[in-house]
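All values below come from the heavy atoms of this structure, side chains included, with hydrogens, waters and symmetry mates left out. In each ligand, atom 1 is the first atom listed, and ligand 1 is the first ligand listed.
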Amino acid sequence: MEKDYTEDDVRNEVKTKVFGKNLVFFDEIDSTNDFLKKNVMEFPEGTVIVAKSQTNGRGRRGNNWENGESDSVFMSFLVKPNVKFDSLLRISLVCSLSVLQALKFTGIDVGIKWPNDIIINNKKVCGILTECVTHKNGLNSLIIGIGMNVNNSSFNGSLEDKATSLFLEGVDTNIPFVIASILSAIEKNYYTYLQYGFGFFINEYKKRCININKDVVVINGDTKVNGKIIDVNRDGTLLFESEDGKTSNLLSNEISIRGVNGYI
Ligand code: BTN
């Protein structure tokens, strides 16, 4: 159910001070993440790229991301935190929590599938692709791409059982409002994170994380290991106990987690 919107609609909704102050809007682009990556040196922290459609949207682990016009949020933003590489995972977890908070207006029970899939009724409504560019001076730029299904009225093929949209969950809203809500939550949480660290968010993240205490299969390339998710650690990694009783900490980069017993 396409609901058209314009660049002005987005600019009029966005109320944040830093995030979106520099906003670049496209009717169509290959990928908002790729655009930001190519131009990372030119843009300041808080730059936001919004596109009405993407022709080559990318997801985690080399997957494609749906490109449908005007029915989804396609947005990336740039942060240049003066923090070590290993804290970047936690910034991306804070972003997923921010997206979840931004959806509070829907009144729907929203969860996070670690590290940063946003889930409603056991289906994915939003995915986040975090990419890091390390500069010669050792500092990192982080590009955080958010794809949220807002007005999609159906999904094809293998997505049919796995994806949902706000519209399909009974929420009547519009993309500029959703973008502005996400940016407000992220702006607030990003600076809180820089000041207080992930410890400030861990309890809320855990409360909203749907994986804890679930039986799962952890997939890493061709390797599959069955086990159970025990907890989210304070460093943002996932504490996993395999069937043979060994525990390990999972890093988000390449792994994928599938729930068993009908869980996503
Ligand atoms: C995932 O696999 O769950 C992450 C999906 C991220 C998709 C968004 S859409 C905006 C931005 N541009 C991209 O090419 N990907 C991200």
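- Looking at Tyr5 and Glu13, their side chains never bring a donor and an acceptor atom within 3.5 Å of each other.
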Which protein N or O atoms sit under 3.5 Å from any N or O of ligand 1? Give atom names and distances.
{"from": "ligand 1", "atom 1": "2 (O)", "to": "Arg60", "atom 2": "N", "distance (Å)": "2.7"}
{"from": "ligand 1", "atom 1": "3 (O)", "to": "Lys124", "atom 2": "NZ", "distance (Å)": "2.6"}
{"from": "ligand 1", "atom 1": "12 (N)", "to": "Thr32", "atom 2": "OG1", "distance (Å)": "3.1"}
{"from": "ligand 1", "atom 1": "12 (N)", "to": "Gln54", "atom 2": "OE1", "distance (Å)": "2.9"}
{"from": "ligand 1", "atom 1": "14 (O)", "to": "Ser31", "atom 2": "OG", "distance (Å)": "2.7"}
{"from": "ligand 1", "atom 1": "14 (O)", "to": "Arg58", "atom 2": "N", "distance (Å)": "2.8"}
{"from": "ligand 1", "atom 1": "15 (N)", "to": "Arg58", "atom 2": "O", "distance (Å)": "2.7"}

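- Side chains of Asn56 and Ser31: a donor-acceptor N/O pair is absent below 3.5 angstrom, by distance only.
- Open room surrounds CZ on Arg234; 12 or fewer heavy atoms of other groups in view lie less than 6.0 Å from it.
- Around CG of Asn137, the count of heavy atoms belonging to other residues, nucleotides or ligands within 6.0 Å exceeds 12.
- Sorted by first then second residue, the salt bridge (charged side-chain N to carboxylate O under 4.0 Å, His left out) pairs that include residues 113-141, not counting sequence neighbours, are Lys37-Glu131, Arg58-Glu131, Asp117-Lys124.
- Other residues, nucleotides and ligands place no more than 12 heavy atoms under 6.0 Å from the NZ atom of Lys188.
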